[in-house]
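Data block below; observations after.
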Amino acid sequence: MAEEQATEQPRTVNIDGQSYRLDQLSKNARQQLANLRAADGEIRRLERQLALARTARSAYAQVLKQELPEQ
């Protein structure tokens, strides 16, 4: 019986339209890539937090309008 061998494609990263193999990047380049990914994750987290705060602010403004005396 023939066994299939796993032919894994080398992992790559695309930076400014250029593909780079991760196994060919320097240790420092891989660290900077990890830093970049961490920063991107933090930006996404902060954007979600900002969306929640904006939604809450909008709700508070609506309730405030209802509580104001009519003019």
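All residue numbers in this chain count up from 1 along the given sequence.
Taking CZ of Arg21 as the start and CD of Gln9 as the end, the distance is 9.5 Å to the nearest 0.5 Å. The CZ atom of Arg57 lies 11.0 Å from the CD atom of Gln62; values are rounded to the nearest 0.5 Å. Note that OG1 of Thr12 and CG of Asp23 are 10.0 Å apart. Values are rounded to the nearest 0.5 Å. One distance of note links CD of Glu47 with CZ of Arg54; it measures 9.5 Å at 0.5 Å rounding.
Here the side chains of Arg30 and Val13 are not in contact, with every heavy-atom distance at 4.5 Å or above.
A search for side-chain contact (heavy atoms from CB on, under 4.5 Å) contacts involving Arg45 returns Glu42, Arg48, Gln49, not counting sequence neighbours.
Hydrophobic cluster membership differs between Ile15 and Leu36, with clusters built from Ile, Leu, Val, Met, Phe, Trp and Tyr side chains linked at under 4.5 angstrom.
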*Gln31 and Asn35: CA distance, side-chain angles, deciding distance, side-chain hydrogen bond (donor to acceptor under 3.5 Å, both in side chains) verdict*: CA-CA 6 Å; Gln31 182 60 54; Asn35 293 342; 3.0 Å; yes
*Go through the steps to decide whether Leu25 and Leu22 satisfy the test side-chain contact (heavy atoms from CB on, under 4.5 Å), and finish with yes or no.*
CA-CA 5 Å; Leu25 296 179; Leu22 291 177; 3.9 Å; yes
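Using modelled atom types, one side-chain atom of Thr55 and one backbone atom of Ala51 make a donor-acceptor pair closer than 3.5 Å.
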